[in-house]
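What follows is a set of notes on a single structure, which appears directly below.
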Amino acid sequence: MDLSAELIAWYNDNKRDLPWRKTTDAYIIWLSEIILQQTRVEQGTPYFYRFAEKYPTVTDFAAAHEDEVLRLWQGLGYYSRGRNMLKTAQLVQQQYSGVFPVKYNELIKLKGIGEYTAAAISSFSSNEAKAVVDGNVYRVLARYFGVDEPINSPKGKKMFQQIANDVLDKARPALHNQAIMEFGAMLCKPKKPACGICPVRLGCVAFKTNATTYLPVKIKTVKVRKRYFNYMLISDGKEVLMNKRGEGDIWANMYDLPLIETTELIEQNELLKLPQMKVFGENIAFKNNPAIIKHVLTHQQLFIRFHVLDKFPDKLQSGWFYTDVNNLENLALPKAIFIFIKYFFNF
DNA sequence: AACACGGGGTT
DNA sequence: AACCCAGTGTT
């Protein structure tokens, strides 16, 4: 048996029971694939059910409002996925009459669908012979064939896509793609792969040369920026002053609180002297001495403090608005903001 | 080619 | 703390 046949045989015996594998509906598969981008199956599954239930068809999705989509997406991260989904749903509704495309060349044009997702949807929904290359596939191929070209260099990406195409079983691409990804996720894991029970270890270069620890190779260029967020919570217990974020920064179009960002960590007495504080009015005071919350993103570390102010400002800045405390659950809030607000208002 | 974009699990 | 997850879009 060749590699593909071995992986498919393994898959048939060991696959997990995942809901999106029970359909060939391109729309449902699209939902699952976008949700699972850079996201573990266990984390994404509840969101998959949530979206599939709320929007059973792409027509239902296209009718949604962005606020509603982001609220459903809350907590999953990479929120541009949610915003792009709405744009794509609307385009599919208008230009494809609500019939979700199944061909790679159509799918790749859509917002939020790149090479991986186009290959996944086209193969799973219409058995088009396109090979998926995700993190799992990079790992399996790098190890099995002993390829040490970095998976995140342009050259490496081309190379692995080519290998994936060569290995693909053109007669059953859907099954092959599921198999190689499941194999990478369950057996050929990043750390401590289960080589002892691996059906293809005798053909695996990394196993034979004891190199699984070093493959795949990845270029790392992590520069993490530190940012200091001073949030103001102002509320009389019934209403609370909120802010809607704009584009061009993290958490685009989501909701947070009035924010003063500083270049370093500062204490409340220093904060009071800042010119930005003037918008909150004269003779203001803090009602708490907040802890520093560290919130880690891919390229940023946020050091967040939530300051409770004692009175409403006289006028509002752009993006600010009052909302009823009971309406907070309808707003899409970043995780760290949500946790604090939930705690503060004792949800 | 490099970077931005979240949140969470594993080691 | 480092690494990675069923990646994509922008510059």
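Convention: sequence-line order gives letters A, B, ...; per-chain numbering from 1. Predicted, not measured: the structure shown is a model, and the values here were computed from it.
With 3.5 Å as the limit, one finds a donor-acceptor pair spanning the side chains of A:Asn327 and A:Asn330. In summary, the side chains of A:Tyr255 and A:Gln74 do not present any donor paired with an acceptor at a separation below 3.5 Å, with no hydrogens or angles considered.
Mapped onto DNA chain B by nearest heavy atom, A:Trp251 and A:Lys189 fall at different nucleotides, with A:Trp251 at the one closer to the 5' end. When each of A:Asn84 and A:Glu42 is assigned the nucleotide of DNA chain C with its nearest heavy atom, A:Glu42 is the one assigned upstream, toward the 5' end.
Listed nucleotides: B:dC5, C:dA6, C:dG7. Nearest to the side chain of A:Met181: C:dA6.
Spacing between atom CH2 of A:Trp73 and atom P of B:dG7 amounts to 13 Å, rounded to whole angstrom units.
At the phosphate of B:dG7, OP1 or OP2 sits under 4.0 Å from a side-chain N or O atom of A:His295. Look at A:His299 and you won't find any side-chain N or O under 4.0 angstrom from OP1 or OP2 of B:dC3.
At the heavy-atom level, A:Ile113 lies under 4.0 Å from the strands shown only through sugar-phosphate atoms. Nucleic acid contact class of A:Asn152 (heavy atoms, under 4.0 Å, all strands): none. Within 4.0 Å (heavy atoms only), A:Glu33 reaches no atom of the nucleic acid at all. No contact: A:Ser80 has no heavy atom under 4.0 Å from any strand.
Pairs passing the salt bridge (Lys or Arg N to Asp or Glu O under 4.0 Å) check and including a residue from residues 302-321 of chain A, sequence neighbours excluded, read A:Glu267-A:Arg305.
One cannot find a donor-acceptor pair under 3.5 Å joining the base of C:dG7 and the side-chain atoms of A:Thr117. In this model, a side-chain donor or acceptor of A:Arg40 finds a partner on the base of C:dC4 within 3.5 Å.
In the region residues 11-24 of chain A, proximity to DNA chain C at under 4.0 angstrom, judged on heavy atoms, holds for A:Leu18, A:Trp20, A:Arg21.
To the nearest whole angstrom, the two P atoms, one in B:dG6 and one in C:dT10, are 14 Å apart.
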